[in-house]
Structure formats: C-alpha cells, structure tokens
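Worksheet: one structure, shown below.
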Amino acid sequence: MSEIIKIGLLGCGTVGTGVVKVLQENMHEILPKVGAELKITHVLVHNLSKNRHLPADINLTDDINDILNDSNVEIVVELLGGIHPAREYMLKAMQAGKNVVTANKDVVAQFGKDMFAAAEKYNVDFMFEASVGGGIPIITPLKQCLTANKITEVIGIVNGTTNYMLTKMSEENACYDDVLKAAQEKGYAEADPTADVEGLDAARKTAILASIAFNSRVDLDKVSTEGITKITPQDIAYAKELGYTIKLLSVSRENELGIDVRVHPALLPQTHPLAFVRNEFNAIFVRGNAVGETMFYGRGAGQLPTASAVIADIIDVARDIIKNRFGRIGCTCYEHKPFCPIEKTISSYYVRLLVDDQPGVLGTIAMAFGQTGVSLNAVIQKRKVDTCAEIVAISHEVQEEKIRKAEQTLNNLPAVKKICNIIRVEPPTSQEI
Ligand code: HSE
C-alpha cells in the first residue's frame, strides 16, 4: 500500500473543480511519479447546499477550522482568490504546520514576503506556480532551471483577456468596445473588466516575475501600469504598416539605475517571438546571460491549464513530504535593488497627432521634438481628418521624461490640435525568428 497524502482544498470554483477532476483522472499517472496517493479529503466552500458533483468521500465544509485542526491534512491548496480571507487562511495553515499551494497572484504580489517568512518560520513549503501564466511553467523554471543565469529581461504577454481583444482589433479591424463585448460573451472578460483592461492583473504578475528574476522584492506599487483602453484601430493599423503589432506587455529589465518594471501597450516588431502570441494565449520571454533567449508559451488561464500548474506544485510538495524536507525553493529575494524611476526609463515612442494642414507645420513639430531632446526616426503624414493632417512620428530611444516634455511643448503649439496617442515601441530581439 502506498502512502496517502491528504489535501484540504479552499474554494471549489472553476479551478478548484479542475483540480479535483485532473487529480482523479490522472491519479494512475501521478501515483508512480510521486510514490504516494494524493487525496483531497476536505473542500472549503461558502454554500454547503450547492451540488458540486464531488466524490462522496470528500468532507465538504464551510468552516476553515475543520481543515486547520485536522492533523492528517498536510497540504492546503488555496483557490479562493482575492486577499481576504485567502491570506489569513494561508498564514493559519502554515502556522498549523501545513504546506501551502496557491494560485493567488494578489496575495503573492502584495504579501509574498510575509508568506515566505511564515513558510520559513513554520518549516513548510509555499508554492505558487499557477499565480502567473496559468498552465505555463514559469515560476519553477525561473527559480530552478534558469537559476544559473543573471536574468536581464523578462517580457511577457500575461493577460489573456487583453491579448484576445488586441488580436481581434488587429485581425478583424474591430473597435475596442466591440471586442470587449465579444470577450465578455466568450467568458474571457469579466462583467467589470477593469483589472484586465487597465493592466492591474498583468501588474500583479509582473511584480511576481520581476521579484524572482532579479532576486529582489518588487512590490505591486513599483510597477508602472497603463492599460489598453486608449488603443484605437487607427493605431493598430499604422503600427501594422510600420511593421509592428500592438500588445499589452509586462516588461521587467535591469539597468544601471535599477529595476525597471512596467505594464503598458507597446508596438512590438512583427518578427519578435511575442508578436506571434495570438488570442487568449500567454507567453513569457526570458533573457539570461548564459541561456540567451527563451520563451514559455501556453494557456494563461482556464480550468484545466491552471489545475495542471496547481497539481504540479502539489506533487512537488508531496515529494518533499515523502523525503521529509521543505523549503527547497523558498524566497529568492536576497537582494535589495533600487528601482529605475519611470521618467528615467528608455524607449522609442510612437506619437500620433492631429495638426493644422498648413505649410511649415511639420517643421514646427520636428523642432518641438528636437528642442526637448527627442530625436525622430520617422515622420509620416497620414490621412486628412476634417481640416487637420494626421501625423505619425517614431522617435529614437529616449528617456521618458524627454518625451513627456515634448508632449507638453507640442500641446502648447497652436498648430497641434490633438495628441491622439503616445505608445512605447519595443526594440527587436537580437535573434528574431
Ligand atoms: N484575467 C486573467 C487573464 C486570467 O485575462 O489572463 C487570470 O489571471
């Protein structure tokens, strides 16, 4: 008879149900790999009377203490989402000597430090592979497989909702409101889409990725965040003409001023590996000084992909339990690096503006860029909009503070009717496919 490792599941929504299902269906695969049977013995739910079609031998409870006080439960899997009470329950579970697996990006991004401190204090494992990229392995690869490297860059498409929306806008020439509606109908976007479209979901994932990549805690408030709500079909069409695709990017880099972490839409060269990531898919591109460029691609959300990542963590913890060990891959934030202020970050910029269609206006605009230290790579006069000419300019790489100064100066020019959009432009990779 093999050992049985008992698990308490907190939450039985989409992912929780997926975890129960995949563990049941794949147990014959999993058991020989672990050397123990993994058994969910308790499930914490809000509503006991709802029919969930769970195996009859699972104890359904609405009292966390039933799980915390059962000494046979060795792993607590938190899938409640949100900060409260998920954070408190995880801390109590660790205090009770239980290992914790979670998919909770909110808690890891904002309270990762406390969670790791508790895991160390109470000699347990704390695992969170599913918190970034759903089914895509990225936390463990960064912490283990790539740990020989100095990581210099992590760029990701880590939000499926916005990637689906931008793909549809690009491929079907659809407007923002229509694609949002389509995403909501397909279940990719929430009724309140704010967290996705304003970049907050991606920012949480960015804080987690950057903390691991640079071995230094990156709190959520350090991630400069901008969403996709201002992106228009016009910007997407011009970007395409210029050889770019617009994506919502999670960008983490280290430069001489410190860690540069941000989430924003960007023009990405069509040849960049991330430009091929369409619809609701996610991908994370990592550059290490030994490995070079790597990319992790797959489904960033969904019942079974997320369950795949959660169960991988459960299996890792179970292997530790069997070997009577813990904390093999604990907190890796052993440095305290400074942050590069957003105004000192460097990028190329796409600027779209409406100006008076008069002789000399292009020269005035070029002068305004030049006076504020912004060197232009290309200026194209596009269509006529009413009495105005639409101009698209692409700058060379420049500090953010200079482009903001240029924006101010342009706004004060009588010939400039409107600055429609300013979007960062990503450089090509060294070995594009
Ligand atoms: N809302 C997220 C996304 C999935 O659209 O990718 C959960 O993190």
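Below, each value reflects all heavy atoms present in this structure, side chains not excepted, and no hydrogens, waters or symmetry copies. The first residue of the sequence shown is numbered 1, and numbering continues consecutively from there. Computed from a prediction, not measured in an experiment: that's the story for all the values here. Atoms within a ligand are numbered from 1 in the order they appear, just like the ligands themselves.
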Inset, instruction - Classify the ring geometry between F126 and F116 as parallel (under 30°), tilted (30 to 60°) or perpendicular (over 60°). - result: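 Perpendicular, since the angle between the ring planes exceeds 60°.
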Legend entry - Numbering as shown, the atoms of ligand 1 that approach G160 to under 4.0 Å (heavy-atom distance):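 Here the atoms of ligand 1 in question are 3 (C), 5 (O), 6 (O).
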Inset, instruction - Would you mind listing which atoms of ligand 1 come within a distance below 4.0 Å of any non-hydrogen atom of A301? - result: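 Those of ligand 1 that fall under 4.0 Å from A301 are 4 (C).
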Legend entry - ligand 1 contacted by K105 (non-hydrogen, < 4.0 Å):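 So K105 counts as touching ligand 1.
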Legend entry - Contact check, K205 vs ligand 1, heavy-atom distance below 4.0 Å: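 Per 4.0 Å heavy-atom rule, K205 contacts ligand 1.
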Legend entry - Min N/O separation Y188 to ligand 1 under 3.5 Å: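 So ligand 1 has no N or O lying under 3.5 Å from an N or O of Y188.
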Legend entry - For atom 5 (O) of ligand 1, closest protein heavy-atom neighbour: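 Answer for atom 5 (O) of ligand 1: T161 OG1, 2.5 Å.
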Inset, instruction - Please report which non-hydrogen protein atom sits nearest to atom 1 (N) of ligand 1, along with the residue it belongs to and the distance in Å to one decimal place. - result: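 Closest protein heavy atom to atom 1 (N) of ligand 1: D196 OD1, 2.9 Å.
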Inset, instruction - Assert yes or no for the condition that the ring centre distance of Y244 to H272 is strictly below 6.0 Å. - result: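 No, the ring centres sit 6.0 Å or more apart.
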Can you see whether [X] engages [Y] through a side-chain donor-acceptor pair at a distance of less than 3.5 angstrom?
X    : Y    : result
K230 : N421 : no
D235 : Y350 : yes
E335 : S216 : no

Legend entry - Non-hydrogen atoms of Q270 and A275 that approach each other most closely: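 Looks like O-CB, 3.6 Å.
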